[in-house]
2 protein chains.
Amino acid sequence: MTSAPVHVLLVEDEPQMRRFLRVALEGGGYRYLEAGTGQEGLALAVQHRPDVILLDLGLPDMDGLELMTRLRAWSQTPVIVISARGQETDKIGALDVGADDYLTKPFGTGELLARIRVALRHADPGAAEEPVFRLGRWQVDLTKRQVVVAGQEVHLTPLEYGLFTTLIRHAGKVVTQRQLLKEVWGGVAGAQPLYLRVYMAQLRHKLEEDPSRPRYLQTEPGIGYRLRLED
Amino acid sequence: MTSAPVHVLLVEDEPQMRRFLRVALEGGGYRYLEAGTGQEGLALAVQHRPDVILLDLGLPDMDGLELMTRLRAWSQTPVIVISARGQETDKIGALDVGADDYLTKPFGTGELLARIRVALRHADPGAAEEPVFRLGRWQVDLTKRQVVVAGQEVHLTPLEYGLFTTLIRHAGKVVTQRQLLKEVWGGVAGAQPLYLRVYMAQLRHKLEEDPSRPRYLQTEPGIGYRLRLED
DNA sequence: AAGAGGCGTTAAGACGCCGTTAGGATTCAC
DNA sequence: GTGAATCCTAACGGCGTCTTAACGCCTCTT
């Protein structure tokens, strides 16, 4: 059983702390990403879908709690807060807006790594499912980022793939247009429902047998789209 | 929406600490159980299936880590360790044998309650079944936005679905016309009682066995409509 | 018994949303 | 600097959905 590398995103502005954690995390066998601002952190979370996020509350451009709220609007990725502020009200506030753990500086790398393991264990039920999604002639390997249709590999652009996997993650359920735009485009300002129509059309052409009569990629008029499961 | 009371099991030998936590937990709205030894703790966990377990590592009859191991052999109940030992190796050991959090004494009640809420949040996705509404031949999955009649999926337009789910939300009770127009049409100016007649007719055609003699979607003349529950 | 008001039914027109296509802008690699 | 891939944007035709009107039935009133 080989598992895909685990990605950790660090959102922290102090260079000293970043260096310290980079060493600790890479030493622990994790792939490492870093952001110095809240904006950058949100962008990287959208692009790379890390498995865990380490978040310093004291950011230059955005309140940590606001970042938590905006992240939780579309993502359930575990967040471990790292803060110099040890006040109880800070902890309660962060935990109640969706943080999964709260670590007060200074802390040891061993404890941090142990708490990351706990966070991954919690997220596991979602990830422990087969990393391969099968439906009809489709076969999607979410770790390899590979899509196979009727035995033939099909190339998807980043946005197409993002749209597709978002529907897969909510398989069977209707996903509203607003939610799709949020999860795929990451809350970018100019995101319009028009984008969805264009990329859904492209997806159907690449994946559906009869693109004009989609079997799985269905429209819910006025609401959004759904990946239909049963036949 | 009323939810079942949440049970918390405390495994702790110091009477003083027990008194302190009893007040904190009952004040927080939790049902409270306590055990003074590891043996008793395991027994109570089996009998009462608490939703969260608070575990002091320093027990008289059993090492805390051993208790963790024996508990995890059959139960995934969230465990928050409470300990006077703040050594990093203690924390790592406890977290790695299955604890979900580690709190070092002394701590505030607010933080404890917040961390209990986090633990409950983690346990939730597994326990949260899909909210499916069943009545006669009907089966409505409110998360999937899917309506099934006699095993056959039926497509509803946004207004039809809105009207139907509004009646479901007030199942059994009469919903006035004014209230329906408000909840479904969202305070649009031109909303008329005529709309209700049209869409109720469409709903009955799509859902009722004999649309001219509705069994569930009943009219309350002069008042509004009601979704009848009993047969 | 006749009238009035409320309700169910149907159909047709208006409207908005969706699918589709294509061209230009942008980014990235070489 | 050039090329390819990808993304954004606009335009248009078609179709589903919503709105609206007309008519018949029923019930209650007087």
Side-chain angles (χ1 to χ4, degrees), chain A residues 43 46-47 145 147 153-167 174-178 180-181 183-226 228, chain B residues 145 147 153-164 166-167 174-178 180-181 183-226 228:
Chain A
V46 170
Q47 281 171 35
R145 200 197 175 283
V147 179
E153 179 166 357
V154 171
H155 173 73
L156 297 185
T157 72
L159 281 182
E160 289 165 1
Y161 185 78
L163 187 55
F164 189 35
T165 53
T166 301
L167 287 173
V174 174
V175 189
T176 65
Q177 302 183 358
R178 179 182 301 273
L180 281 171
L181 288 170
E183 296 200 24
V184 179
W185 274 261
V188 175
Q192 301 170 24
L194 168 62
Y195 300 173
L196 294 177
R197 284 185 267 150
V198 173
Y199 282 94
M200 281 301 296
Q202 291 182 6
L203 266 186
R204 292 204 253 242
H205 270 96
K206 289 189 176 182
L207 304 179
E208 288 276 5
E209 203 149 11
D210 181 358
S212 63
R213 233 172 267 146
R215 194 165 167 186
Y216 303 109
L217 296 171
Q218 297 210 322
T219 305
E220 214 66 38
I223 309 291
Y225 295 87
R226 131 162 57 197
R228 194 169 160 215
Chain B
R145 199 189 179 281
V147 178
E153 181 169 352
V154 173
H155 176 75
L156 297 185
T157 72
L159 282 182
E160 288 166 0
Y161 186 78
L163 186 56
F164 190 35
T166 302
L167 289 173
V174 177
V175 189
T176 65
Q177 301 185 358
R178 177 181 302 273
L180 281 172
L181 289 170
E183 294 197 27
V184 179
W185 273 261
V188 174
Q192 301 170 24
L194 167 62
Y195 300 171
L196 294 178
R197 298 208 295 272
V198 173
Y199 280 95
M200 282 303 295
Q202 291 183 6
L203 266 186
R204 293 204 254 242
H205 268 97
K206 289 189 175 182
L207 304 179
E208 289 275 5
E209 203 150 12
D210 181 358
S212 63
R213 245 177 249 139
R215 194 166 167 188
Y216 303 108
L217 296 170
Q218 298 214 320
T219 305
E220 215 66 38
I223 311 290
Y225 295 87
R226 138 168 42 202
R228 194 172 156 212

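Letters go in sequence order (proteins before strands), and every chain restarts at 1.
Distance L156(B) CG to dC18(D) C1': 15 Å, rounded to the nearest Å. In this structure, CG of D210(A) is placed 14 Å from P of dG19(C), rounded to the nearest angstrom. Rounded to a whole Å, the CD atom of Q177(B) is 13 Å from the C1' atom of dG8(C). Regarding Q192(B), its CD atom lies at a distance of 15 Å from the C1' atom of dG6(C), rounded to whole Å. Atoms CG (L194(A)) and C1' (dT21(C)) sit 12 Å apart, rounded to a whole Å. Between the CG atom of L203(A) and the P atom of dC7(D) there is a distance of 11 Å, rounded to whole Å. With rounding to whole Å, Q218(B) atom CD is found 18 Å from dC26(D) atom P. Rounded to whole angstrom, the span from the CG atom of L181(A) across to the P atom of dC7(D) amounts to 15 Å.
For the residue pair Q177(B) and G224(B), the shortest heavy atom distance occurs at CG-CA, 3.7 Å.
Residue S212(B) has no polar side-chain atom (N or O) positioned under 4.0 Å from OP1 or OP2 of dG8(C). Under 4.0 angstrom from either OP1 or OP2 of dC7(D) there lies at least one side-chain N or O belonging to T157(A). The phosphate of dT20(C) (OP1 or OP2) has no side-chain N or O of R197(A) nearer than 4.0 angstrom. The phosphate of dT10(C) (OP1 or OP2) has a side-chain N or O of H205(B) nearer than 4.0 angstrom. Phosphate contact (OP1/OP2 of dG6(C), side-chain N/O of T219(B), threshold under 4.0 Å): absent. At the phosphate of dC7(D), neither OP1 nor OP2 sits under 4.0 Å from any side-chain N or O atom of W185(A). Taking side-chain N and O atoms only, H155(B) has no distance below 4.0 Å to OP1 or OP2 of dG16(D). OP1 or OP2 of dG19(C) has not a single side-chain nitrogen or oxygen of Q202(A) nearer than 4.0 Å. Listed pair Y195(A) / dT9(D) meets the phosphate criterion, a side-chain N or O lying under 4.0 Å from OP1 or OP2.
Checked options L163(A), T157(A), V198(A); the residue passing with L203(A) is L163(A) (criterion: side chain to side chain contact (heavy atoms under 4.5 Å, CB included)).
Taking every side-chain heavy atom of V198(B) into account, dT10(C) is the closest of dT10(C), dG16(D), dC18(D).
Residue-level contact check: Y225(B) touches the backbone only, with heavy atoms under 4.0 Å from sugar-phosphate atoms and none from bases. Within 4.0 Å (heavy atoms only), L196(A) reaches no atom of the nucleic acid at all. Within the nucleic acid shown, E160(B) has no heavy atom closer than 4.0 Å to any nucleic acid atom.
Here the straight-line distance linking atom CD of E160(A) with atom NE2 of H205(A) works out to 12.0 Å at 0.5 Å rounding. Once rounded to the nearest 0.5 Å, the distance linking CD1 of I223(A) with OH of Y161(B) reads 9.0 Å.
Remark: R145(A) CZ is packed, more than 12 non-hydrogen atoms of other residues, nucleotides or ligands lying under 6.0 Å away.
The aromatic rings of W185(A) and Y199(A) stand perpendicular to each other, their planes meeting at an angle above 60°, with 30° marking the opposite boundary.
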